[in-house]
Amino acid sequence: MQQEVIGTYQMNRGMMKQLATTIPAERFAEMPSGINPPAWIVGHCCYASDGMLKMLGREKKCPESYTKLFGMGSTPVSELSAYPSAEALLSLYESIGDEVVDAAGKVTAEQLAGENPVEFARDRMPTIGGMVTFMMTMHEAMHVGQLSAWRRASGFAPLF
């Protein structure tokens with residue numbers, strides 16, 4: 001099952017990159033109809049994947065400032081200068097995702113059976129394995145959908 005979850009995460013990441021890299025960098029903070037902007041979506045997925053790295057026993061890669069900018073409860077804004085550049089976000093998204101894939105492929109059953117450190121989600125996903133599976137599949141796919149909706153609301157043709 002581990003390889004199937006990793007494969008789903010890789011597919012989600014591929015769709016996110018395809019959607020995001022075809023958006024001009026100067027439009028990364030636009031919020032049509034209040035939809036989260038690409039900068040926030042990609043940055044939030046970096047932040048979430050960073051949390052998975054920690055759960056999988058790796059060092060986090062995001063700057064501390066990402067907690068306030070992209071963490072749970074953060075407020076997306078339409079000011080481009082509030083965010084790192086599109087290039088920086090996409091580069092970090094790529095490198096963190098690659099490390100998540102590596103860590104997920106090497107994680108032990110004992111590690112996956114550990115208690116989920118995300119307290120508010122622990123009742124539904126009591127283990128690290130459950131939380132990481134959710135993050136690699138449902139969470140990532142939800143944000144791919146947000147970016148796809150952003151593209152359509154912004155006048156871009158659908159990619160898939």
Side-chain angles (χ1 to χ4, degrees), residues 5-6 8-104 116-122 124-125 128 130-160:
V5 171
I6 291 169
T8 299
Y9 181 63
Q10 291 285 60
M11 186 172 66
N12 285 330
R13 289 178 63 221
M15 286 189 282
M16 180 74 81
K17 288 185 282 188
Q18 190 176 0
L19 290 166
T21 58
T22 55
I23 298 169
E26 65 272 9
R27 297 192 65 185
F28 251 56
E30 292 178 13
M31 296 177 68
S33 303
I35 298 172
N36 292 339
W40 186 89
I41 295 168
V42 174
H44 176 72
C45 288
C46 288
Y47 178 81
S49 291
D50 213 33
M52 283 192 288
L53 283 180
K54 185 174 181 184
M55 283 187 258
L56 295 170
R58 302 280 179 101
E59 293 292 319
K60 293 175 79 175
K61 305 289 182 201
C62 287
E64 191 61 38
S65 62
Y66 276 39
T67 301
K68 184 176 180 183
L69 195 56
F70 301 118
M72 288 279 301
S74 62
T75 302
V77 297
S78 60
E79 296 172 31
L80 191 59
S81 63
Y83 297 109
S85 71
E87 181 181 348
L89 287 169
L90 291 167
S91 177
L92 185 60
Y93 181 79
E94 182 76 18
S95 67
I96 289 176
D98 286 349
E99 188 157 351
V100 167
V101 168
D102 183 64
N116 178 1
V118 183
E119 190 174 335
F120 77 86
R122 197 176 297 141
R124 293 179 306 269
M125 295 167 278
I128 288 171
M131 187 66 184
V132 168
T133 297
F134 165 77
M135 297 297 292
M136 292 177 83
T137 59
M138 182 66 182
H139 181 266
E140 195 79 9
M142 176 185 66
H143 290 295
V144 167
Q146 282 183 345
L147 190 54
S148 183
W150 180 95
R151 288 177 56 84
R152 288 181 185 212
S154 298
F156 289 86
L159 294 181
F160 33 81

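- Atom CE of Met72 sits in a sparse spot, with 12 or fewer heavy atoms from other residues, nucleotides or ligands closer than 6.0 Å.
- Atoms CD1 and CD1, on Ile23 and Ile41 in that order, are 8.0 Å from each other to the nearest 0.5 Å.
- Taking every heavy atom of both residues into account, Val100 and Leu56 meet most closely at O-CD1, 4.2 Å.
- Nearest heavy-atom pair across Val144 and Met15 is CG1-CB, 3.9 Å.
- Here the SG-CE distance, from Cys45 to Met16, works out to 3.5 Å after rounding to the nearest 0.5 Å.
- Leu89 has its side chain within reach of Tyr66: a pair of non-hydrogen atoms, C-beta onward, lies under 4.5 Å apart.
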May I have the step-by-step check of side-chain contact (heavy atoms from CB on, under 4.5 Å) for Arg13 and Tyr93, ending in yes or no?
CA-CA 9 Å; Arg13 289 178 63 221; Tyr93 181 79; 3.5 Å; yes
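- Residue pairs meeting the salt bridge (charged side-chain N to carboxylate O under 4.0 Å, His left out) criterion with at least one member in residues 59-79, sequence neighbours excluded, are Lys61-Glu99.
- When the shell of 6.0 Å around CD of Glu87 is examined, it contains 12 or fewer heavy atoms from other residues, nucleotides or ligands.
- Remark: Leu147 CG to Met142 CE distance equals 12.5 Å, nearest 0.5 Å.
- The line from OG of Ser148 to NE2 of His143 is 14.0 Å long, rounded to the nearest 0.5 Å.
- Across Glu140, His139, His44, a single residue satisfies side chain to side chain contact (heavy atoms under 4.5 Å, CB included) together with Ser49, and that is Glu140.
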I would like to know whether Phe28 and Leu90 meet side-chain contact (heavy atoms from CB on, under 4.5 Å); could you show each step before the answer?
CA-CA 11 Å; Phe28 251 56; Leu90 291 167; 4.2 Å; yes
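- The shortest distance between side-chain heavy atoms of Tyr83 and Pro37 falls below 4.5 Å.
- Arg151 is linked by a salt bridge (Lys or Arg N to Asp or Glu O under 4.0 Å) to nothing, counting only residues two or more places apart in sequence or in another chain.
- Between Phe156 and Thr22, the shortest heavy-atom contact is CE2-O, 3.9 Å.
- Applying the side chain to side chain donor-acceptor pair (under 3.5 Å) criterion to Trp40, with sequence neighbours excluded, gives Ser74.
- To the nearest 0.5 Å, the span separating CD on Glu30 from CG on Leu80 amounts to 9.0 Å.
- The shortest side-chain heavy-atom distance between Met136 and Ile6 falls under the 4.5 Å cut-off.
- Among all heavy-atom pairs drawn from Cys62 and Ile96, the shortest one is SG-CD1, 3.6 Å.
- Expressed to the nearest 0.5 Å, how far CG of Asn116 lies from CE of Met55 amounts to 6.0 Å.
- Here the closest heavy-atom approach between residue Asn36 and residue Pro76 is recorded as OD1-CG, 3.2 Å.
- The minimum heavy-atom distance between Arg27 and Trp150, with the atom names listed, is O-CZ2, 3.5 Å.
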